[in-house]
Amino acid sequence: MSERPAYAPRPGVVQEQAWPAMREGPWPVALLPFGATEPHNTHLPYGTDTILGSHVAAQVSAACLSRGVNVATLPALPFGVNTTQLDLPFTINCMPSTQLALLRDVVQSLAPHGVRALVLLNAHGGNELRALVRELQPSTPVVLSIVNWWQAGDHAHFAEAGDHAGELETAAMLHVAPQLVQPDRASWGDGHARPSVFDGVRAGWAWMPRRWTQVTDDTGVGNPAQATAERGAAFVAQAVERIAAYCVQLASVDPAAMWRDRPHDDQ
């Protein structure tokens, strides 16, 4: 008879915990990973954003709990805003209005149970969440905040971080879920992206959504060739440490004093 695996739910990860672990509280901060389901070049899985967001959130919960601060990681939302990638098979789009409705329900569910702050831990560039927060914040005492996890670490770890399935995301996946990265590097796309024909868009003072199949042949943006698990591990660890420190601050902040002049020795 095979031996039963050891009971090992990750600390603070709600979907893995039993009720007694979560009812004790308090849980002043919760993390809600926002992912996506879309192609990521020829070597990374469709769920890359959701996998990385979920991993980082769980690591942040563990880091905060080790400091005596309870931070709960909620189940990730696996569908993101992908309106310009719908001609790619099995890309699943979730409209911003749908995200708003989901977020409103999540916030209303958390508010009665002592959650003081909710961090939207974003892992997908198409999830532009600020408008959602601006609409919901006036109607809830829960402090809403957004962290794009890939911006929390220094891109100097990489020769060319890339925008989508490039060196950064590939290195992170080689660290977090190497079994899901295509092992034959010769099959990886180079992530070449065609620039916009508009001067203003190339300069950055104008913007429009990118029609993905016009921009890239392999669905990647950024060359993943130099990605290593070691660089991914260093970047993820740095991002986790910074996000955890932010969550610890959120756990005790006075919502009426989040913007103030600080003494020099408090900076």
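Position 1 is the first residue of the sequence; numbering continues from there.
- Tracing side-chain contacts under 4.5 Å through hydrophobic residues (I, L, V, M, F, W, Y), one never reaches Val13 starting from Val106; they form parts of separate clusters.
- No salt bridge links Arg116 with Asp254; every basic N to acidic carboxylate O contact stays at or beyond 4.0 Å.
- Distance alone, capped at 3.5 Å, is enough to place a donor-acceptor pair between the Arg185 side chain and the Ala225 backbone.
- Side chain of Ser54 to main chain of Ile51: no donor-acceptor pair is present (N/O by atom type, distance under 3.5 Å, no hydrogens or angles).
- When all heavy atoms are compared, the tightest approach of Pro45 to Leu180 is CD-O, 3.4 Å.
- The main-chain N or O of Pro28 is never found under 3.5 Å from a side-chain atom of Asn70 such that the two would form a donor-acceptor pair.
- Here the straight-line distance linking atom CD1 of Ile146 with atom CG of Leu120 works out to 5.5 Å at 0.5 Å rounding.
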Working for side chain to side chain donor-acceptor pair (under 3.5 Å), residues His157 and Gln238: CA-CA 10 Å; His157 287 281; Gln238 184 181 52; 3.2 Å; yes
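- For an aromatic pair to be called close, the ring centres must be under 6.0 Å apart, and Trp149 with Phe235 satisfies this.
- Under a 3.5 Å cut-off, the side chain of Gln99 and the backbone N or O of Leu132 do not form any donor-acceptor pair.
- Val176 and His55 get closest at one heavy-atom pair: CG2-CD2, 3.5 Å.
- Remark: side-chain polar atoms of Asn148 are not paired, donor with acceptor, to backbone N or O of Gly125 under 3.5 angstrom.
- Side-chain contact, Thr91 with Asn93: no donor N or O sits under 3.5 Å from an acceptor N or O.
- Closest heavy-atom contact between Val14 and Met22: CG2-CE, 3.7 Å.
- Annotation: side chain of Leu121 is in contact with side chain of Ile243 (closest heavy-atom distance under 4.5 Å).
- Under a 3.5 Å cut-off, the side chain of Arg194 and the backbone N or O of Gln214 do form a donor-acceptor pair.
- Counting heavy atoms from C-beta on, the side chains of Leu86 and Leu88 never come closer than 4.5 Å.
- Looking only at side-chain heavy atoms (C-beta outward), Phe34 and Leu32 come within less than 4.5 Å of each other.
- Counting only heavy atoms from C-beta outward, the side chains of Arg231 and Phe158 approach each other to under 4.5 Å.
- When all heavy atoms are compared, the tightest approach of Leu31 to Cys247 is CD2-SG, 3.8 Å.
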Verdict with reasoning, Trp212 to His164, per ring-ring contact (aromatic ring centres under 6.0 Å, His included): CA-CA 11 Å; Trp212 217 247; His164 182 74; 5.2 Å; yes
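- A side-chain donor-acceptor contact under 3.5 Å links Thr42 to the backbone of Gly189.
- For Glu160 and Asn223, the side-chain atoms include no donor-acceptor pair closer than 3.5 Å.
- Taking CD1 of Ile92 as the reference point, atom OH of Tyr46 lies at 9.0 Å (rounded to 0.5 Å).
- Between Thr73 and Ala58, the shortest heavy-atom distance links the atoms OG1-N, 3.7 Å.
- Within 6.0 Å of the CE atom in Met95, the count of heavy atoms belonging to other residues, nucleotides or ligands does not exceed 12.
- Listed for the Asn127 side chain is a donor-acceptor partner under 3.5 Å among the backbone atoms of Gly35.
- A donor-acceptor pair under 3.5 Å is absent between the side-chain atoms of Glu167 and the main chain of Thr228, judged by distance alone.
- Partner of His124 under the side chain to side chain donor-acceptor pair (under 3.5 Å) criterion, chosen from Thr50, Thr48, Asp49, Thr37: Asp49.
- Looking only at distances, a side-chain donor or acceptor of Ser187 sits under 3.5 Å from a matching main-chain atom of Asp184.
- By the neighbour-count criterion of 12 heavy atoms within 6.0 Å, atom CZ of Arg23 is densely surrounded, having more than that number from other residues, nucleotides or ligands.
- Salt bridge present: Arg67 and Glu241 bring a charged side-chain N and a carboxylate O closer than 4.0 Å.
- Between His43 and Pro224, some side-chain heavy-atom pair lies under the 4.5 Å cut-off.
- Counting heavy atoms from C-beta outward, Leu103 and Leu129 have side chains that stay 4.5 Å or more apart.
- Side-chain contact between Val236 and Leu52 is absent, with no heavy atoms from C-beta onward closer than 4.5 Å.
- The nearest pair of heavy atoms linking Gln17 to Pro9 is NE2-CB, 3.7 Å.
- Val69 is not listed as a side-chain neighbour of Val29, based on a closest heavy-atom distance of 4.5 Å or more.
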